[in-house]
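Ligands are counted one by one from 1 in listed order, and the atoms in each one are counted from 1 as well. The model shown is predicted, which means the values in this text are computed figures rather than measured ones.
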Amino acid sequence: MLTQKMIQRLNEQVNLEMYSSNIYLAMSAWCANNGLHGSAKFLKDHSKEELSHAYKLFDYINETGAIATIDTIGKPDSDFKDLKDVFEKTYKHELLVSKSILELVDVALSEKDYATFNFLQWYVSEQHEEEKLFKDILDKFEVIGMEGRGLFMIDREIASLVQ
Ligand code: FEO
């Protein structure tokens with residue numbers, strides 16, 4: 001059984017994952033509107049993945065006899081300087097999500113909720129993967145550069161990351 005504090009923090013994480021989904025969807029729209037269709041596809045795909053993160057938490061909360069609550073989701077940014085700005089923001093956002101997951105793990109430990117602690121390990125690993133994914137994309141901007149055909153090549157590389 002989850003404590004009230006644990007339920008509240010898990011529900012906040014549901015909201016953050018849904019917000020993440022909307023952030024990436026807004027970024028996808030910006031990319032599509034700027035002819036960056038590889039990045040648009042990647043970000044839309046990632047938006048769906050964020051929803052799956054929210055659903056996994058949603059199911060866990062409901063399975064424990066508590067109730068998942070759906071709260072207001074913040075409005076994401078929809079204007080970006082360029083593609084590099086988009087991916088700098090994705091990376092920064094993932095660092096924030098990782099911090100939130102680690103705080104959640106701390107709450108599980110302080111509440112002696114070992115089942116939730118165990119459940120959260122999936123998110124700890126996932127955040128490691130997400131940080132790496134976006135850091136690798138940012139590195140492409142340094143290696144390839146955005147001049148000339150660079151932007152086209154980066155967009156194509158990002159498209160190849162869609163599974
Ligand atoms: Fe669900 Fe990208 O964190």
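The closest approach of E50 to atom 1 (Fe) of ligand 1, by N/O/S atoms, is made by OE1. Distances from atom 2 (Fe) of ligand 1 to the N/O/S atoms of E130 are shortest for OE1.
Remark: K89 engages D85 in a salt bridge, criterion side-chain N to carboxylate O under 4.0 Å.
Of all the heavy atoms in P76 and A26, the pair that sits closest is CG-CB, 4.0 Å.
Note: angle at atom 1 (Fe) of ligand 1, from ND1 of H53 to OE1 of E17, is 100° (rounded to 10 degrees).
Under the 4.5 Å side-chain criterion, counting only non-hydrogen atoms from C-beta, F87 is in contact with T90.
Residue E49 does not count as close to atom 1 (Fe) of ligand 1, with no N, O or S atom under 2.8 Å.
Ring planes of Y19 and H93: perpendicular class, angle over 60° (limits at 30 and 60°).
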